[in-house]
Amino acid sequence: MQVSEIAFLGHADGPCGRAAHRIRIRALVPVRMRVEGSAFAGRYAMQRAFESSQDGFFAIGWEPDAVSLLDDAHLVADHFDSTQRNRFVGRLQTFLAGQRDSVVYPLFGQFISTLDDFCHQLERVAPVDRLDRRIDGLHGVTNALRQRDRGQRRSLARSRYFIWSDADHCLRNDPGLFADIVDAMAGVAAEAEFASEDLLMIQRTVFIGGPALAEAAQDPRGPLSCWREDRAGKPFWQVLTGLQTPPIRRASIADIVEGRAGLDIDAELERLAHSDAI
């Protein structure tokens with residue numbers, strides 16, 4: 001693992017005319033590594049910092065830090081103010097949609113109270129030919145989430161992001177349904193990474209909500225912290241993927257926007273130096 005820096009010169013139109021600016025990019029080079037004991041082949045551990053000279057004007061914002069939180073886990077992002085949540089969703093969706101070979105699926109949680117509501121929205125965004133109103137089964141939600149789709153250049157998408165706004169609406173109205181959907185989304189994503197022979201696809205869900213969602217994320221026995229048990233009394237996804245818990249982390253939107261929730265590069269380098277990185 002090395003830190004490389006690239007500098008380039010550009011121009012921009014400003015109030016004083018066309019001015020030159022220099023931007024330096026510091027980045028971790030791509031590596032194959034293991035994250036929390038599980039192989040993470042082909043993933044990039046990257047934290048980019050953009051620095052401009054005094055005559056520059058460009059600032060990237062918090063979006064790369066937010067994406068770095070999705071490298072190895074789903075994300076619960078909360079804020080008590082709905083306006084702040086909406087602004088966060090808008091900017092994050094725009095940034096993710098601009099990534100190569102990536103697709104972004106928005107889910108409008110204020111309209112998800114029943115399984116039929118969720119399926120209706122999934123049908124509108126995902127590559128699904130038939131979707132029965134059930135979680136499991138040949139044409140259920142779980143199988144629909146396994147379907148692959150194509151990115152901007154018509155190649156198979158390597159990253160898929162679900163942005164579930166107002167996810168706490170479903171949590172409040174039907175906690176059992178919310179737990180089933182979370183289990184399916186996290187389980188299919190883990191299966192694609194750790195238990196599938198198909199081309200690697202990274203699938204992540206960003207759960208957006210208020211204090212109720214934050215509280216659920218911090219419950220060690222809640223649906224955002226534990227796999228659901230099947231009829232045999234065993235967590236199916238744990239058995240299939242080897243993951244003891246669904247990889248879901250929580251960060252407040254305020255911390256993300258203000259740069260307090262990003263990965264600590266020095267700590268990450270230290271951890272990788274003592275890991276069995278390939």
Side-chain angles (χ1 to χ4, degrees), residues 30 35 38-46 63-77 88-109 112 117-131 135-136 139-167 170 178 180-209 223-224 227 237 240-241 243 246-249 251 256:
V35 178
S38 300
F40 220 77
R43 293 297 294 149
Y44 291 95
M46 181 175 290
E63 291 88 345
D65 286 335
V67 175
S68 73
L69 297 175
L70 294 166
D71 275 350
D72 60 342
H74 307 276
L75 177 64
V76 172
F88 176 83
V89 169
R91 289 186 58 173
L92 181 61
Q93 284 185 178
T94 300
F95 186 83
L96 290 174
Q99 306 305 300
R100 184 176 180 180
D101 296 330
S102 298
V103 291
V104 181
Y105 292 152
L107 299 173
F108 301 97
I112 300 178
D117 294 336
F118 181 82
C119 291
H120 180 70
Q121 292 208 29
L122 193 60
E123 287 171 329
R124 287 175 173 268
V125 297
V128 180
D129 294 326
R130 172 183 169 185
L131 182 54
I135 297 294
D136 300 316
H139 299 291
V141 169
T142 299
N143 196 54
L145 293 171
R146 291 189 175 108
Q147 305 306 309
R148 300 295 182 100
D149 47 10
R150 298 187 180 275
Q152 296 174 345
R153 302 191 180 185
R154 308 311 299 166
S155 59
L156 285 174
R158 296 182 180 181
S159 300
R160 174 192 290 172
Y161 300 97
F162 287 94
I163 311 296
W164 189 350
S165 303
D166 299 310
C170 182
F178 178 79
D180 286 340
I181 295 175
V182 170
D183 193 63
M185 299 182 84
V188 169
E191 178 186 46
E193 289 181 58
F194 305 109
S196 174
E197 296 182 357
D198 294 333
L199 181 68
L200 177 67
M201 182 184 72
I202 303 302
Q203 182 164 294
R204 295 287 181 261
T205 301
V206 182
F207 304 91
I208 311 293
L224 294 165
W227 296 117
W237 296 113
L240 179 65
T241 66
L243 299 181
I248 301 175
R249 63 163 49 96
I256 295 173

Q: Measure from the side-chain N and O atoms of Ser68 to the backbone N and O of Ala66, and report whether any donor-acceptor pair falls under 3.5 Å.
A: no

Q) Under 4.5 Å between any side-chain heavy atoms of Thr142 and Trp237, yes or no? A) yes

Q: Without swapping roles, check the side chain of Arg204 against the backbone of Asp71 for a donor-acceptor pair under 3.5 Å.
A: yes

Q. Side chains of Arg249 and Leu75: closer than 4.5 Å at any heavy-atom pair?
A. yes

Q. Does Arg146 have any salt bridge (Lys or Arg N to Asp or Glu O under 4.0 Å) partners at least two apart in sequence or in another chain, and if so, which?
A. Glu191

**Q.** Pro223 versus Val182, closest heavy-atom pair with distance
**A.** O-CG1, 3.5 Å

Q.
Measuring from atom CZ of Arg158 to atom CD of Gln99, what distance do you get when rounded to the nearest 0.5 angstrom?
A. 13.5 Å

Q | Which atom of Pro106 lies closest to which atom of Val125, heavy atoms considered | A | O-CG1, 4.0 Å

Q.
With side-chain contact (heavy atoms from CB on, under 4.5 Å) as the criterion, how do Gln93 and Tyr161 come out once you've worked through the C-alpha distance, each side chain's angles and the decisive distance to 0.1 Å?
A. CA-CA 9 Å; Gln93 284 185 178; Tyr161 300 97; over 6 Å; no

Q: Please list, chain by chain and in numerical order, all residues satisfying side-chain contact (heavy atoms from CB on, under 4.5 Å) with Ala167, sequence neighbours excluded.
A: Trp164, Phe178, Phe207, Leu213

Q: State whether the side chain of Trp227 and the backbone N or O of Leu243 hold a donor-acceptor pair below 3.5 Å, judged by distance alone.
A: yes

**Q.** Stepwise side-chain contact (heavy atoms from CB on, under 4.5 Å) test for Leu122 and Phe162
**A.** CA-CA 10 Å; Leu122 193 60; Phe162 287 94; 3.8 Å; yes

Q. Can you tell me how far the CG atom of Leu92 sits from the CD1 atom of Ile256, to the nearest 0.5 Å?
A. 8.0 Å

(Q) To the nearest 0.5 Å, what is the distance between CE on Met201 and OG on Ser102? (A) 11.0 Å

Q | side-chain hydrogen bond (donor to acceptor under 3.5 Å, both in side chains) against Asn143, all qualifying residues, sequence neighbours excluded | A | none

Q: Looking only at non-hydrogen atoms, find the nearest pair between Ala184 and Ile135 and report the distance.
A: CB-CG2, 4.3 Å

Q: Check step by step if side-chain contact (heavy atoms from CB on, under 4.5 Å) holds for Gln203 and Leu145.
A: CA-CA 9 Å; Gln203 182 164 294; Leu145 293 171; 4.2 Å; yes

Q | Distance in Å, Leu70 CG paired with Asp65 CG, rounded so as to fall on 0.5 Å steps | A | 11.5 Å

Q: Might you point out which heavy atoms bring Leu96 and Val67 nearest each other, and give the distance in Å?
A: CD2-CG2, 3.6 Å

(Q) Could you go through Ile181 and Val141, starting from their C-alpha distance and side-chain angles, then the distance that decides it, and tell me whether this counts as side-chain contact (heavy atoms from CB on, under 4.5 Å)? (A) CA-CA 8 Å; Ile181 295 175; Val141 169; 5.7 Å; no

Q. What closest approach, in Å, do Leu107 and Met185 show between heavy atoms, and which atom pair accounts for it?
A. CD1-CE, 4.2 Å

